[in-house]
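Let me begin by presenting the structure, written as structure tokens, before commenting on it.
Just so it is clear: chains get the letters A, B, ... in the order the sequence lines come, proteins before strands, and each one is counted from 1.
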There are 2 protein chains.
Amino acid sequence: MGVRVSSANSLTVEDLGSAAQRDRRKRILDATIALASQGGFDAVQMRAVAERADVALGTLYRYFPSKIHLLVSALQREFERTELALRDRPIEGDTTAERVITVLKRTTRGMQSDPKLTEALTRAFMFADSSVAAEIHQVGMLLTAMLTRAMYPTGHDEVTEEDVQVARVIGDVWLSALVGWVTGRTNAAETGQQIEVAVKLLLRD
Amino acid sequence: MGVRVSSANSLTVEDLGSAAQRDRRKRILDATIALASQGGFDAVQMRAVAERADVALGTLYRYFPSKIHLLVSALQREFERTELALRDRPIEGDTTAERVITVLKRTTRGMQSDPKLTEALTRAFMFADSSVAAEIHQVGMLLTAMLTRAMYPTGHDEVTEEDVQVARVIGDVWLSALVGWVTGRTNAAETGQQIEVAVKLLLRD
DNA sequence: GCTAAAATAGGAACACGTTCCAGTTTGCCG
DNA sequence: CGGCAAACTGGAACGTGTTCCTATTTTAGC
């Protein structure tokens, strides 16, 4: 099982393959999101995804070696979109804490507007084992990047080690809160509060 | 489906049933722990648990309605034992932060000494949905109780709302760290550091 | 354009969580 | 003790994630 390298780009880590392959990959992820959005984790059935993406089951498994890989990859794509959208307009808030809370609440609200999808993606994320480490790590990086950007909105280059640590801790709390919400242990308001508490405790300057 | 109430104890929430039932329950949980300890989440197969506990498959499902319930119940029992063991000897450390770190690292070390078991229990915990809310909540309470006790080892009665909040945030970080370790994204040292960072940030008095 | 290699389609087969059922045993009440 | 309801056994059966196989189609190199 060697690593395939496409001829066009030797610099990017991702090998997106031919146009047909990109298209299949997109169709598969679209189908995944659609099914997840409609019925959550359980509704993302591999046969259903394959059929909806107009792809054979074996092909689906060639692109994504497991249901968890599939869902985490979908999460990654969604997260990249969110992150890009956030980058557009400036972040409101005078203090660091306020800005971080703004960003997190906005993101959380976005997720809560599609609960089934969020449930599917979050459960996959939390259930992932070491074989999905690469994708998970990528998502984690996106999250801390999002948070440090909220802390220093003006392209400040003073991101200290402690800042990154704080961002990671906040990310951890956010994840736990999300899991609590997804699994029905807390409601939306409590989730928001949980994040707010953590941020205020960590960013009380 | 009515609530069954045993004749002997009307005050406790848990109805432990007859001695035979308690015995079966114990055998099942023992089998679960043994299998998890040996092969992790995947090795805890319902047929295998039933066989090892010398119980029919249907009986297993009568006691625990799903694999997740089973594993979370096992986690609960293990956690109660840990918590009891911790209660015995006093907690070392002069500052609040030191004591909390001591407790968490000791617990973490205990879990890391049986990685497969920890993997099984943690994954079940993170995958649980709202039908397991009661058990999950119980575990969460145990964790915060453990942490607040570490913060005020002398039976201090001054546990403020903020203390509980801090304990919860630390618990969240600990869980995230555990998930990271279980899924192979971080090693034992990094896990310990992650907790230490969070505690020091939150308890810097 | 031809050919070998890779990718895909279509679908059978297997594993394990879960459900269900018929028959048997156990526990309890009179 | 006799009888009845609940619990238990043993095992079949079903759904869905995953694997595997063969025939067909697409792609890449000459």
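For E51(B) and R47(B), the salt-bridge test fails: no basic side-chain N is under 4.0 Å from an acidic carboxylate O. Using a 4.0 Å cut-off between charged side-chain N and carboxylate O, R81(B) and E78(B) make a salt bridge. In this structure, D30(B) does not pair ionically with R25(B), as no charged nitrogen and carboxylate oxygen lie closer than 4.0 Å.
Between T59(A) and dA7(C) there is no side-chain polar atom (N or O) within less than 4.0 angstrom of OP1 or OP2. Between Y63(B) and dA7(D), a side-chain N or O to OP1/OP2 separation shorter than 4.0 Å is absent.
No more than 12 heavy atoms of other residues, nucleotides or ligands sit less than 6.0 Å from atom CD of E92(B).
Regarding D23(A), its CG atom lies at a distance of 11 Å from the P atom of dT8(C), rounded to whole Å. Atom-to-atom, CZ of R62(B) to C1' of dG10(D) comes out at 16 Å; the value is rounded to the nearest Å. F64(A) places its CZ atom 16 Å from the P atom of dG17(D), with the value rounded to the nearest Å. One can place CD of Q21(B) at 7 Å from P of dA7(D), the figure rounded to the nearest angstrom.
Near DNA chain C, meaning a heavy atom under 4.0 Å away, there are no residues from residues 27-40 of chain B. Using a 4.0 Å cut-off on heavy atoms, none of the residues of residues 123-137 of chain B approach DNA chain C.
One distance of note links NE2 of H69(A) with CD1 of I136(A); it measures 9.0 Å at 0.5 Å rounding.
Residue pairs that meet the salt bridge (charged side-chain N to carboxylate O under 4.0 Å, His left out) test with at least one member in residues 52-65 of chain A, sequence neighbours left out, do not exist here. Contacts classified as ring pair (Phe, Tyr, Trp, His ring centres under 6.0 Å) and involving residues 105-139 of chain A (residues at least two apart or in different chains) are given here: F127(A)-F41(B), F127(A)-F127(B).
Of the possible polar contacts, one joining the E190(B) side chain to the N187(B) backbone as a donor-acceptor pair under 3.5 Å is found. Listed for the D172(A) side chain is no donor-acceptor partner under 3.5 Å among the backbone atoms of V169(A). Checking side-chain atoms of T183(B) against main-chain N and O of S130(A) turns up no donor-acceptor pair under 3.5 Å.
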Practice task
At under 4.0 Å between heavy atoms, which parts of nucleotides 10-21 of chain C does protein reach? Answer with one letter per nucleotide, 5' to 3': B base, S sugar-phosphate only, - none.
Solution key: B--B--BBBB--

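E83(A) pairs by the salt bridge (charged side-chain N to carboxylate O under 4.0 Å, His left out) definition with R87(A), R149(A), not counting sequence neighbours.
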